[in-house]
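Source: prediction; values computed, not measured. Just so we're on the same page: letters track the sequence lines, and every chain starts at 1.
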Protein chains: 2
Amino acid sequence: MTTCIRCQDCISSRFCIPSALNNYEINQLDSIIIRRTPLHRGQLLFERGDKLTALYAIRSGIIKSYTITPRGKEQITAFYSTGDILGFDAINTLRYPTSAQALDTSMVCEIPFESLERLSSKIPALRRQLLRLMSRHINSDQENLSITRKNAKTGLATFIYKLICTRAQRGLSPTSLRLSMSHTEIGNYLGLSLETISRLFSSLQESGVLMMEGRTITIQDSDKLARMSHNNEDFW
Amino acid sequence: MTTCIRCQDCISSRFCIPSALNNYEINQLDSIIIRRTPLHRGQLLFERGDKLTALYAIRSGIIKSYTITPRGKEQITAFYSTGDILGFDAINTLRYPTSAQALDTSMVCEIPFESLERLSSKIPALRRQLLRLMSRHINSDQENLSITRKNAKTGLATFIYKLICTRAQRGLSPTSLRLSMSHTEIGNYLGLSLETISRLFSSLQESGVLMMEGRTITIQDSDKLARMSHNNEDFW
DNA sequence: CGGAATCTTGATTAGGTTCAAGATGAGTGG
DNA sequence: CCACTCATCTTGAACCTAATCAAGATTCCG
């Protein structure tokens, strides 16, 4: 049963904590991890304000993390997928500062934080790896920040391009992709309105960069997409 | 000579790494730290692409970190001040992803990364503290992200309010503040043009929130400033 | 098949950028 | 100490991008 897969057999282990550990160490890590039953679309992994009990490694699926503004509006801070770790942002205050919700059926490994700390005191490579993964998290937050400073077109292009690149790294198709998030959610994340997202997708289709069928995207000109995401020029 | 101040005697130690350590542990930390001569306005602490050799703790002054876009434009990612640690974002790739430049005369403690890792293998509290500080860094990156999604007025109000709050925590005046950064730099950081920053400051003065004399700001109605930074309402 | 959610497209509006020109301020050398 | 210069800041006017408002179309799902 895939719910009980071990780190050794997990395809995403090479993007996850085990990537820096030897077999013996992976076994030890494996023994503290709790395999959860799949999360279904809409289910919460944790809520803002909950006490930090565990970090969560995503095996498959996609999770959004978000806060609610004083005005009651949802504010999406990140989309996490295979190999990503949730919960680093909770270590400071020992409470999760954001809520986490599955956008699709998702398999998640629960890594009890105390056990992890205990284990990391015995395994130098694990200590180093935790720092590395948190640093990577900071890197990607900074990249996200720079997306919001671009214009709308470039922002969406970057968003799609990064999704595609991540998938390619994971050995998935670099040309085809089913979005798990709505236009509302993409817009919320990028700081744009859902109408703008819709218009931009139309525009991307017209310019032959991609095709859409419902939420399924097929990339037709990934070079152009890459250039659009790196530049602010008028490619459209 | 203040250049050689020890952690024990450093006023900012309670916001810095030592805050979680006992005296014996602080001594050990102290022994690996290199006190540098002051950085002067405009001097670089490190440049994007340099190998990670050390983390840097800011004792006083202010440092901006930034990248250069493919278009050759500076992109400011953060302003660091007393108690902040620079370099966490370099642990992932072992190279600094941003450059760091002093905006004012700044005192900085250099913490060689290898020594720090070695020391942290012996001191559990130090391990925990490093995770905590990196987590705090992630928290503040996420707050910054949410600033950019606000409107310009709220964004600048939040920027000033946070500067003031940080100063208050450090025991400095909560009503008076000399900005070390230009309008161009503030605008760059907030994703706004320098003209907009200038207009917003004028507007803040007219509405009696603060007064400006050159780059020196005096807060006149900090409640209003706080409300403006938390809300999107029309307070102006 | 029906109802709700999501997406598309158009028209209008608003917030912030850009361009432009003058004012203020800080630093430098006589 | 003053005059000169360069950088920074201020303010106005025109423009532009993306938000908002509105109304249909499509898709999803029970």
Side-chain angles (χ1 to χ4, degrees), chain A residues 40-42 64 69 71 73-76 103-105 147-160 178-206 210-217 228 232-236, chain B residues 40-42 64 71 73-76 103-105 147-160 178-207 210-217 228 232-236:
Chain A
H40 297 296
R41 176 173 171 73
K64 75 172 173 188
T69 67
R71 288 262 167 298
K73 274 182 53 182
E74 182 174 300
Q75 176 67 256
I76 298 174
L103 292 185
D104 248 343
T105 304
I147 291 184
T148 63
R149 303 230 185 87
K150 300 174 176 175
N151 64 28
K153 291 170 177 179
T154 312
L156 183 62
T158 306
F159 178 74
I160 300 166
R178 195 189 138 69
L179 295 175
S180 310
M181 59 292 273
S182 67
H183 288 188
T184 305
E185 288 169 323
I186 297 173
N188 183 309
Y189 176 64
L190 296 176
L192 300 168
S193 69
L194 67 144
E195 294 95 332
T196 298
I197 300 298
S198 184
R199 280 185 243 272
L200 293 178
F201 269 123
S202 301
S203 171
L204 280 168
Q205 281 197 96
E206 274 164 38
L210 54 79
M211 264 180 49
M212 298 187 70
E213 267 189 79
R215 283 189 182 177
T216 302
I217 293 178
M228 287 192 330
N232 269 325
E233 279 168 28
D234 296 317
F235 287 107
W236 319 51
Chain B
H40 297 295
R41 177 173 173 73
K64 75 172 172 187
R71 287 263 168 298
K73 274 184 53 181
E74 180 174 300
Q75 176 65 257
I76 297 174
L103 293 184
D104 247 343
T105 305
I147 291 184
T148 63
R149 302 228 185 89
K150 299 173 176 177
N151 63 28
K153 291 170 175 178
T154 311
L156 183 62
T158 306
F159 177 75
I160 301 166
R178 195 188 141 70
L179 294 174
S180 311
M181 59 290 273
S182 68
H183 288 189
T184 305
E185 288 168 323
I186 297 173
N188 184 310
Y189 176 63
L190 296 176
L192 300 168
S193 68
L194 67 146
E195 293 94 332
T196 298
I197 300 298
S198 184
R199 283 183 243 272
L200 292 178
F201 269 123
S202 300
S203 171
L204 280 167
Q205 282 197 96
E206 274 164 36
S207 58
L210 55 77
M211 264 179 50
M212 299 188 69
E213 268 189 79
R215 284 189 181 177
T216 301
I217 294 178
M228 287 192 331
N232 269 325
E233 279 167 28
D234 296 315
F235 287 106
W236 318 52

Report the end-to-end axis angle of the helix from C:dC1-D:dG30 to C:dG30-D:dC1; each axis comes from five terminal pairs, and the value is rounded to 10°.
50°
Any idea which heavy atoms bring B:Arg149 and A:Tyr189 closest together, and the distance?
NH2-O, 2.7 Å
State whether A:His183 places a side-chain N or O below 4.0 Å from either non-bridging phosphate oxygen (OP1 or OP2) of C:dT8.
yes
Any base atoms under 4.0 Å from A:Ser182, or only sugar-phosphate, or nothing? Heavy atoms, all strands.
sugar-phosphate
When rounded to the nearest 0.5 angstrom, what is the spacing between CD in B:Gln205 and CD1 in B:Ile217?
9.0 Å
Could you run down nucleotides 13-18 of chain C 5' to 3' and tag each one B, S or - for protein heavy-atom contact under 4.0 Å?
---SBB
For C:dC7, does either OP1 or OP2 sit under 4.0 Å from a side-chain N or O belonging to A:Arg215?
yes
As an exercise, state the distance from CD of A:Glu185 to CD1 of A:Ile76, rounded to the nearest 0.5 Å.
4.5 Å
Let me confirm one number: the NE2-CD distance from A:His183 to A:Glu195, rounded to the nearest 0.5 Å.
11.5 Å
Within this structure, what is the CG-to-P distance between A:Leu179 and C:dT6, rounded to whole angstrom?
14 Å
Keeping B:Ser203 on the side-chain end and B:Arg199 on the backbone end, is there a donor-acceptor pair under 3.5 Å?
no
Does A:Met212 reach the side chain of A:Ser202, with side-chain heavy atoms less than 4.5 Å apart?
no
For the side chain of A:Ser198, counting heavy atoms from C-beta on, which of D:dT10, C:dT6, C:dT8 is nearest?
C:dT8
In this structure, CG of A:Leu190 is separated from NZ of A:Lys150 (nearest 0.5 Å) by 10.5 Å
